[in-house]
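Scroll down for the structure; my scribbles are underneath it.
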Amino acid sequence: QLQLVESGGGLVQPGGSLRLSCAASGSIFSINAMGWYRQVPGTQRELVASITTRGSYTNYADSVKGRFTISRDNAKNTVYLQMNSLKPEDTAVYYCNAEIARGWGLPPQWWGQGTQVTVSS
C-alpha cells in the first residue's frame, strides 16, 4: 500500500510563489517515479513535472519550464514542487502521483487527494 498526502496549496497573487509537498508512506521502495499533475474543471488532467527515483531525471510541461522545479527529499519520503512566477492559468487542483514498479503486487499508479492552487489578484 502507498499513501500520498499533498500540502501547500492556497491562494497567491500573480507573480508569487508556492511550494507544494507530497509525503509518501507505505511501500515507498516500490516507487519508480513521482510527479505532479494538475486539472482544471472541464479539462483533462495534465502532467506538470515528474522526477525518477533512480537518477532524479526530471520532466516538465512546456508551460512551466523555467518557473517550476520538482525535487525530492529521500530522508523525508517527500517530493516538492516549487512554483515561482505563478500565473492565473496555473490555477488548478494539483495532484501528487506515484508510479509503482512492476512486481510489487500494487496498482501501477497512486494519487494524492489533490490540493487547490489559485492564482488571482
Side-chain angles (χ1 to χ4, degrees):
Q1 300 295 309
L2 188 69
Q3 295 81 44
L4 304 174
V5 180
E6 302 107 327
S7 62
L11 175 65
V12 65
Q13 294 183 351
S17 298
L18 285 174
R19 189 178 75 160
L20 306 183
S21 299
C22 176
S25 61
S27 300
I28 57 174
F29 295 111
S30 68
I31 299 173
N32 273 343
M34 296 186 68
W36 289 94
Y37 289 70
R38 66 187 181 188
Q39 187 168 27
V40 177
T43 71
Q44 291 185 290
R45 189 173 298 183
E46 65 172 354
L47 174 68
V48 177
S50 64
I51 185 168
T52 63
T53 300
R54 182 182 297 178
S56 295
Y57 297 104
T58 58
N59 184 45
Y60 295 93
D62 288 340
S63 60
V64 306
K65 287 181 179 177
R67 299 189 297 120
F68 291 9
T69 302
I70 189 169
S71 61
R72 60 182 174 87
D73 185 336
N74 288 337
K76 297 181 179 180
N77 299 318
T78 300
V79 171
Y80 304 96
L81 185 67
Q82 180 65 47
M83 309 165 67
N84 297 327
S85 301
L86 282 162
K87 304 175 181 179
E89 51 263 44
D90 295 318
T91 296
V93 177
Y94 284 71
Y95 295 91
C96 182
N97 167 266
E99 177 187 291
I100 304 301
R102 288 191 288 177
W104 288 86
L106 297 172
Q109 298 287 334
W110 291 76
W111 297 94
Q113 79 284 356
T115 184
Q116 176 70 46
V117 172
T118 302
V119 185
S120 176
S121 298

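The structure displayed is predicted, hence computed values, not measured ones. Numbering starts at 1 and runs along the sequence shown.
Once rounded to the nearest 0.5 Å, the distance linking CD of Gln1 with CG of Leu106 reads 6.5 Å. Between atom CE of residue Met34 and atom CG of residue Asn77 there is a gap of 9.0 Å, rounded to the nearest 0.5 Å. Annotation: the span from Leu4 atom CG to Gln113 atom CD amounts to 9.0 Å, rounded to 0.5 Å.
Nearest heavy atoms, Asn84 versus Ser17: OD1-OG, 2.9 Å. What you find for Gly114 and Val93 is that their closest heavy atoms are CA-CG1, 3.9 Å. Listed here is the closest heavy atom pair of Thr78 and Lys76: OG1-O, 2.8 Å. Among all heavy-atom pairs drawn from Ser85 and Arg67, the shortest one is O-NH1, 3.0 Å.
Partners of Ser7 by side-chain contact (heavy atoms from CB on, under 4.5 Å), not counting sequence neighbours, listed by chain and number: Ser21. Remark: Ser25 pairs with Gln3 by the side chain to side chain donor-acceptor pair (under 3.5 Å) rule, at least two apart or across chains. Under the side chain to side chain donor-acceptor pair (under 3.5 Å) criterion, Ser56 pairs with Arg72, not counting sequence neighbours. Every residue two or more places apart in sequence or in another chain that forms a side-chain contact (heavy atoms from CB on, under 4.5 Å) with Pro14 is listed here: Pro88, Val119, Ser121. Residues forming a ring pair (Phe, Tyr, Trp, His ring centres under 6.0 Å) with Trp111 (at least two apart in sequence, or on another chain): Tyr37.
A 4.5 Å side-chain heavy-atom check between Met83 and Leu20 finds at least one atom pair inside the cut-off. Ile70 places a side-chain heavy atom less than 4.5 Å from the side chain of Val79.
Transitive grouping of hydrophobic side chains (ILVMFWY, heavy atoms separated by less than 4.5 Å) brings Val48 and Val12 into a common cluster. Side-chain heavy atoms closer than 4.5 Å link hydrophobic residues (I, L, V, M, F, W, Y) into clusters, and following such links, possibly through other members, connects Trp110 to Ile28. Leu11 and Leu86 end up in different hydrophobic clusters when Ile, Leu, Val, Met, Phe, Trp and Tyr side chains are linked at under 4.5 Å.
Legend: disulfide bond (SG atoms under 2.5 Å apart) pairs involving residues 49-81, not counting sequence neighbours: none detected. Legend: disulfide bond (SG atoms under 2.5 Å apart) pairs involving residues 15-121, not counting sequence neighbours, sorted by first then second residue: Cys22-Cys96. The stretch residues 54-78 participates, sequence neighbours left out, in no ring pair (Phe, Tyr, Trp, His ring centres under 6.0 Å) pair at all. Counting only residues at least two apart or on different chains, no ring pair (Phe, Tyr, Trp, His ring centres under 6.0 Å) pair has a member in residues 76-107. Contacts classified as salt bridge (Lys or Arg N to Asp or Glu O under 4.0 Å) and involving residues 101-112 (residues at least two apart or in different chains) are not found. The salt bridge (Lys or Arg N to Asp or Glu O under 4.0 Å) contacts involving residues 29-42 comprise Arg38-Glu46, Arg38-Asp90, where partners must be two or more places apart or lie in separate chains. Sorted pairs that involve residues 111-121 and meet salt bridge (Lys or Arg N to Asp or Glu O under 4.0 Å), not counting sequence neighbours, are lacking altogether.
In this structure, the side chain of Gln109 does not engage the main chain of Asn97 through any donor-acceptor pair within 3.5 Å. A side-chain donor-acceptor contact under 3.5 Å links Thr53 to the backbone of Ile31.
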